[in-house]
Protein chains: 2
Amino acid sequence: MATTTASQRRAGAKAEYDAFLAGCPSRQLLERISDKWVALVLAALSGDGPHPGAVCTGEPRPMRYSDLARRISGVSQKMLTQTLRSLERDGLVTRTVTPTVPVTVTYELTDLGRSLQELMYGVKVWAESHMAEVQTNRDGYDHAHGTP
Amino acid sequence: MATTTASQRRAGAKAEYDAFLAGCPSRQLLERISDKWVALVLAALSGDGPHPGAVCTGEPRPMRYSDLARRISGVSQKMLTQTLRSLERDGLVTRTVTPTVPVTVTYELTDLGRSLQELMYGVKVWAESHMAEVQTNRDGYDHAHGTP
DNA sequence: CAGGATCCAGTAGGATACTG
DNA sequence: CAGTATCCTACTGGATCCTG
């Protein structure tokens, strides 16, 4: 482990990114994707249908703008559009315009987007499945400290 | 898949949380953990040492406040403290004060924290390992649209 | 339907100074 | 060392209005 191996140098183009470093592009990328709207948009596009029981099938389906807006409750059109634009720019989703009247726009995960979605989906599921435990911890903490 | 199974109903207490719903506590939890500082603190506590080659060993080690501050470049003491407090409150890390002089404070992942860390670590690694590809996509996007 | 453009309040978060 | 407290700015993000 002392000297760099050939394979390590070959992967150098990737390994040079270190999110721990403030100036590193990967830090900014981490910042971008560490976003609830990103997580929810990716989850929606992954085919994670309405609860209950709708475990992500792994079969991503294209969704229209209004579908996404409806699925992700509470999102403003500004945030939804902004999130979709940035995801499109980064190559995580594709945007397809069908010249019907009125126009139809569908979004779909790319392979790259799918690779991230699998990770982010886990985070979303974690939040849902550990909420109760976290709440218990919070109660304990709040009781131990202030607000007794 | 049409009818709910017994196991599905048994997990009902968890399934009732749906991060797609604006008011749901799990949405707020998702919001909390979808944070770059959370990702970086968890990664640091997971034993993800300085690059290169320091793939997360899975052996979480306790770290002192100043160690974390040094490891996570660019973090302000305010953000670091704030992040650590919220993680402690949620039961993801433990805070241990050793009454030396000056005082020594160490942070360590709990089991719950470890379970989230494994997911978040994947996201951090994803950011680092796909940065180049994303950058290429951005260049293409920017070229196709404005700034030709 | 699918946004673009604007305005504006709220807050995240950096800088700095002080403490047990 | 490991914070707390305060100030202050800049950006986030919601609300609203408008367009192809």
Side-chain angles (χ1 to χ4, degrees), chain A residues 19 21-23 27-41 44-45 62-89 93-108 141 144-146, chain B residues 19 21-23 27-41 44-45 62-89 93-108 141-142 144-147:
Chain A
L21 302 175
R27 163 77 75 97
Q28 280 142 29
L29 182 56
L30 178 62
E31 199 165 346
R32 271 219 149 297
I33 62 183
S34 294
D35 181 88
K36 61 173 170 176
W37 300 128
V38 169
L40 291 174
V41 165
L45 289 176
M63 285 182 76
R64 302 180 55 173
Y65 181 88
S66 48
D67 291 333
L68 286 166
R70 217 170 305 108
R71 183 82 186 90
I72 305 172
S73 113
V75 69
S76 64
Q77 66 289 59
K78 178 180 176 179
M79 277 302 97
L80 182 54
T81 300
Q82 198 173 101
T83 303
L84 287 169
R85 283 289 168 277
S86 102
L87 290 177
E88 185 196 2
R89 188 168 103 101
V93 307
T94 58
R95 177 175 181 270
T96 311
V97 180
T98 310
T100 53
V101 34
V103 73
T104 303
V105 180
T106 58
Y107 292 91
E108 191 170 10
Y141 183 93
H145 304 66
Chain B
L21 302 174
R27 164 77 74 96
Q28 281 142 28
L29 181 56
L30 179 62
E31 198 165 347
R32 272 218 147 296
I33 63 183
S34 296
D35 180 87
K36 62 173 169 176
W37 299 128
V38 169
L40 291 174
V41 165
L45 289 176
M63 285 183 76
R64 302 180 55 174
Y65 182 88
S66 51
D67 291 334
L68 287 166
R70 216 171 304 108
R71 182 84 187 90
I72 305 171
S73 113
V75 69
S76 64
Q77 67 288 58
K78 178 179 177 178
M79 277 303 98
L80 182 53
T81 300
Q82 197 172 101
T83 303
L84 288 169
R85 284 289 169 279
S86 102
L87 291 178
E88 185 195 2
R89 188 168 104 102
V93 306
T94 58
R95 177 175 181 271
T96 310
V97 180
T98 309
T100 54
V101 35
V103 73
T104 303
V105 179
T106 59
Y107 292 90
E108 191 168 11
Y141 184 93
D142 293 344
H145 303 67
T147 40

Using C1' atoms of five pairs at each end, report the bend of the helix from C:dC1-D:dG20 to C:dG20-D:dC1 rounded to 10 degrees. 50°
Contact pattern, 5' to 3', of nucleotides 7-20 of chain C - B, S or - by protein heavy atom under 4.0 Å: B-----BB-B----
Under the rule for ring pair (Phe, Tyr, Trp, His ring centres under 6.0 Å), what residues qualify as partners of A:Tyr141, not counting sequence neighbours? A:His145
For A:Glu108, salt bridge (charged side-chain N to carboxylate O under 4.0 Å, His left out) partners two or more places apart: none
Does B:Gln82 have any side chain to side chain contact (heavy atoms under 4.5 Å, CB included) partners at least two apart in sequence or in another chain, and if so, which? B:Lys78, B:Met79
Please check this pair: side chain of A:Ser34 against backbone of A:Leu30, looking for a donor-acceptor N/O pair closer than 3.5 Å. yes
A:Ser66, nearest nucleotide to its side chain (from D:dT4, D:dA2, C:dA2): C:dA2
Just jot down the side chain to side chain contact (heavy atoms under 4.5 Å, CB included) partners of A:Val97, sequence neighbours excluded, or say none. A:Arg95, A:Val103, A:Val105
Please identify each residue that fulfils side-chain hydrogen bond (donor to acceptor under 3.5 Å, both in side chains) with A:Thr98, with sequence neighbours left out. none
Output a table of donor-acceptor pairs, distance under 3.5 Å, between side-chain atoms of residues 62-69 of chain B and any protein atom two or more places apart or on a different chain; print 'none' if there are none.
| residue | atom | partner | partner atom | Å |
| --- | --- | --- | --- | --- |
| B:Tyr65 | OH | B:Gln77 | O | 3.3 |
| B:Tyr65 | OH | B:Thr81 | OG1 | 2.9 |
| B:Asp67 | OD1 | B:Arg70 | NH1 | 3.3 |
| B:Asp67 | OD2 | B:Arg64 | N | 3.3 |

Any side-chain N or O of B:Tyr65 under 4.0 Å from OP1/OP2 of D:dT4? no
Applying side chain to side chain contact (heavy atoms under 4.5 Å, CB included), can you list everything that pairs with B:Glu31, at least two apart in sequence or on another chain? A:Lys36
Using whole Å, what does the distance between atom C1' of nucleotide D:dG13 and atom CZ of B:Arg27 come to? 14 Å
Measure from the side-chain heavy atoms of A:Arg64 and tell me the nearest of D:dG3, C:dC1, C:dG3. C:dC1
